Amino acid sequence: MAGKPDATRGPQDHLLLYATLGLVLLGLTTVFTSSTVMAMAQFQDPYYFVKRQLLYAMGGLVLLYGASRIPYQRWKPLVYPILLLSLISLILVFVPGIGAKVRGAARWLKLGPLTLQPSEFAKLAMVIFLAYSLARKQEKMKYFAIGFLPHMLVAGVFIALIFKEPDFGTAVTLALITLTMLLVGGTRVTYIFFASLAGLVLGTLAVLRDPKKFARILSFLDPWKHGQDVGYQLKQSLLAIGSGGLLGVGPGQSRAKLFYLPDAHTDFILAIYSEEWGLVGVVLLLALFTLVAVRGLRLSLRAPDAFGSYLALGLTLIITLQAAINMGVVTGILPTKGLSLPFLSYGGSNLLTNLLAVGILLNISGQVKQPAAAVGRLTATPAPVAASGERLT
Amino acid sequence: MSYFLNKWVRLRLVLVGVFLAGLGLLVTGRFLHLQVLQGGALREEAEAYLRKMTPVLPERGLILDRHGAELAVSTRVYSAVAHPRQLKNPQRLARELAPVLGLDVKELQELLTSEQPFVWLKRHLTPEREAAFRAWQERVQERAQKKGAAGRQEEDAIYLLPESKRFYPQQTLAGPILGFCNIDGVGLEGLEYQFDRELYGKPKKVQRLMDARGRIVVTEEKAFDPEVRGHNLVLTIDRTIQYIVEKELAKGVAKWNAAGGYAMVMRPQTGEILAMAQLPTMDPNQPGRYPEVARKNRNLTEALEPGSAFKIFVVASALDAGLVKPSDRYHCENGIWYLTAKERIRDVHPYGGLTVQQIIQKSSNIGSAKIANRLGPARLDDYLRAFGFGSRTGIPFPGETPGLVKNHSRIRSPLDRATTAFGQGISVSVLQLTTALAALGNDGVLMRPLLVKEIVTAQGEKVREFPPYPVRRVLSSQAARQILAMMQTVTEPGGTAAGMAPPGFTAAGKTGTAQKVVGRAFSHSKFNSVFVGLVPAEQPVLAITVIIDESKGAIYGGVVAAPIFREIATQVLRVLGYHPPTPNLPVLAGAKKTPEPPAGRQNGGVTPASVLAIPELLPEVVVPAAAPSPKPGEPLRVMPDVRGLTIRQVLDLLHQAGVRCQLEGSGLAVEQDPAPGAELTPGAVCSVKFRSPL
């Protein structure tokens, strides 16, 4: 059955699709409302960001559709080329001329009119690689030299490169995704524990060496004390969220976007969103992400093969774990670091990566063995069966 | 059910789910905490950032003439200001900004590095400098964008602050009356000083939505904020009459190569001052360029000796007291009257016997001294004080002089006692003189002089009114009529100012030539040439005083001052719509009834027809067909195109149209709102921007 995907193909997970589309729409709306003032000031065009985000979203939906039509098993032979390509792009970031440096961070690649953020795609590459490798090794995962070391080496290089950019947030996210997948894949908990410990020590050392990051940590602990300098962003974020209250100040009415909150349309877009929509909107957003998490993990349990399971897990983590960390950062639970909120934050690479991930998830969902699934589901679900893959068009 | 995953893997997958759910709950809890529990407090704090109390500088009220023509207005100008403590590179900024603002680099550096939290860099920028500054701001922003820097720039701590600047569109017209303000819009002189509190307005603070760069986001700023606008001052001055008086006075001063001059026109029935002129005068737009003497309103602040013009008050008093009759004869000692061995009074021309009327007509010093003696020192004192001499009139104006009246009962010297009769040894202000003169023309009732008619809010509601106020009856009706008749002979053949009545009208006048006091003695070369007059003599509608200071060539009031009076009276009568009655028709000389003040703007106090001519017989006279003053006309229906006009032209045009105008900048009009041709509603407010032509 693993070799014949089409034979067992059922309907794809439309709940996941709707949740995704809902998130994309919320994202477009919020990018629009949060960026107009900034866009007007910088580019004399209030629609500058939202126009681009719309293009990315359309491109991302095409990717999503394509990925949902390609049997996910086809990614298997591409694992190493993808990994290599991702590695090269991560290195190219540091090459002057191709890599674009913005505010001291070399995170972007300039390819003609396109600006790509390789670290976003690196997450995808790493997940595909790990899913492939974990599925292949299965029972041998508990051995240090087979189950732990190779993955940690590959992931370590990626993480180190991303850390060097510096993109602290993405590096940590990638590390967390890797460790989680390894943990689920069967690596001994002790290895994970020591790896985490090592990572923590390294991270602490890096933080202590770099006064700027140290200051950021400090600001997270007490944003009010540092509200005029390093804690400014977090303080403004909290003020914005608080201003939202239960029902929000209304779409487009955000005050924090008037240059008070830096990165209002990117990393801290959630602050603007929650200011405008209030707790009600936040609950809606959390529900959508929860839906993605539930459907993704459910898929991971039901995928037709181990590769599919691990892939589903990794892809779900890319979206939900990052979302959770971003929310933690924006609300001051976690230290401030650059990390976008999937689907909502302005940024092409992020949106494309996440939509591509959902596309792959959708394809996996289409291959879930029907009879077995039907038992677990509600009984009255004949309607989606007929539509099958064409649902996406 | 997948068969290939062992149960441990499945368990761990579920654990991942649990972990994510935990994160989700944590975040939800945090949001609940932030938005609901702390929501109010956070919102308040955020509001404090956003809504800063920004002062709205008050806008000084207008000063208007009696018909609403703007004499003093406020325009919007911008000042460059900075918060030096927020600057990181004051040196660089100083170098950049010095040429922009036209300041010295060192000077600017000092300002930008000062310890003050706020400094003025340059007040009241010219439109060019303002444009240059805005261009600089744009360059800074471009530069910041190139660097990719977001958020607050240090350059944001230097910005433009709108201020209101006083502008006097009529320039020197009524300058010393209006006074002037300092750069902060605080009145320093004249009416600007006297009514500073009323004009200044109420500065208020409003909450404005500010972005993080300190700019006002939503411009709630109204072009016309009545709340901060000061009250408008409506004067009794008539701009047209003021112009005529100033023009004629200037002509006379130039003709006689005089040091200066004074002129005042008053309504006898109400005490309203229609015009008050002086030379040297000043342009309140540039008070610093004029000497003190030009800045002071000397019609009120200077006490002068009135000379022979003062005789009328002495004679009128004697008439009122019933001590003399117009036909009583006095011996005028053939020119020299020895009071004692050393003290004597001289007449210019020697006269023998003169009637009281002739004493006025010929202006005999000896005759009037004898009448004063007849009156006696105590009664003379009482009458002079009743006329208002020696005390302030109470006109709301800073620095009014009470003048000087000696206590005649205590004076031993008969000469010193007698000189008052011909206006020596007594000093009065032009205002006192004119007010007392007006009392003669107002049936003997002294009115309080009025310079301010009313104070109204920016919306036009009356705050305070200054209605005509009769102070006291000084003379009986009969005495007033008698003195007017005597004074009329002055302008008739044989008088000292023969032929000086305005053509077609009669005039009751009196000349005077006062030796100026230089040091402690009377000068023999410096004189004040005085003429006081009421027109028409039978029922005066105007009281006019003209004084020429140190005329060269001729000195006599009848020669120097009277022609100026004649010119002023002629033109003012025409402006007010009084036309000479046709000689064949009877003039209502005896019309006692003071007609109710008509509402028309042409006729300030008295309807000309009812006084001077019989309307039924003289319809063509009544209609002021060719009134020279601009008629208010019908309010315009549509907005005229004012672009390219000067501020003054715009104000004239819009005033005629009945449109209140908000001005900004200076120079020629470049922008207007509403656009030309737009429909106007009555009482509409328009805004016009000016730029000086390059």
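Quantities reported herein were computed from a predicted structural model and do not represent experimental measurements. The chains referred to below are lettered A, B, ... by the order of the sequence lines, with proteins before strands, and numbering in each begins at 1.
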Looking at A:Leu183, is its backbone amide N or carbonyl O close enough to the side chain of B:Arg12 to form a donor-acceptor pair, meaning the two atoms are under 3.5 Å apart?
yes
Whether the side chain of B:Glu45 engages the backbone of A:Leu239 through a donor-acceptor N/O pair (distance < 3.5 Å, no angle test) should be reported.
no
Assess whether side-chain contact (heavy atoms from CB on, under 4.5 Å) is satisfied between A:Leu270 and B:Phe31, documenting all intermediate values.
CA-CA 11 Å; A:Leu270 183 61; B:Phe31 268 106; 3.6 Å; yes
Once rounded to the nearest 0.5 Å, what's the spacing between atom OG of A:Ser309 and atom CG of B:Leu13?
6.5 Å
Pick from B:Leu15, B:Leu23, B:Val27 with the largest number of heavy-atom pairs that fall under 4.5 Å of chain A
B:Val27
When the 4.5 angstrom heavy-atom criterion is applied to A:Thr290 and chain B, the contacting part is neither
Under 4.5 Å, counting heavy-atom pairs only, tell me which of A:Ile333, A:Leu313, A:Thr320 racks up the most with chain B.
A:Ile333
Taking all non-hydrogen atoms of both residues, which atom of A:Thr180 and which atom of B:Val16 are closest, and how far apart?
CG2-CG2, 3.7 Å
Under a 4.5 Å heavy-atom cut-off, does chain A meet the side chain of B:Leu26, its backbone, both or neither?
both
For A:Gly242, does its backbone N or O pair with a side-chain atom of B:Arg43 as donor and acceptor, under 3.5 Å?
no
Is it the backbone or the side chain of A:Leu286 that comes under 4.5 Å from a heavy atom of chain B, or both, or neither?
side chain
Heavy-atom pairs under 4.5 Å with chain B - which of A:Ala324, A:Gly185, A:Gly278 has more of them than the others?
A:Gly278
Worked check of side-chain contact (heavy atoms from CB on, under 4.5 Å) between B:Gln35 and A:Leu246
CA-CA 6 Å; B:Gln35 298 201 287; A:Leu246 188 64; over 6 Å; no
What residue, out of A:Val330, A:Leu297, A:Thr316, has the most heavy-atom pairs lying under 4.5 Å from chain B?
A:Leu297
Tell me, do B:Leu20 and A:Leu317 make a side-chain contact under 4.5 Å, heavy atoms counted?
yes
Proximal component of A:Val184, with respect to chain B [non-hydrogen, under 4.5 Å]
both
Locate the shortest heavy-atom distance separating B:Leu42 from A:Leu238; write the atom from each residue and the value.
CD1-O, 3.5 Å
Chain B: which of A:Gly328, A:Ala293, A:Gly186 shares the most heavy-atom pairs with it under 4.5 Å?
A:Gly186
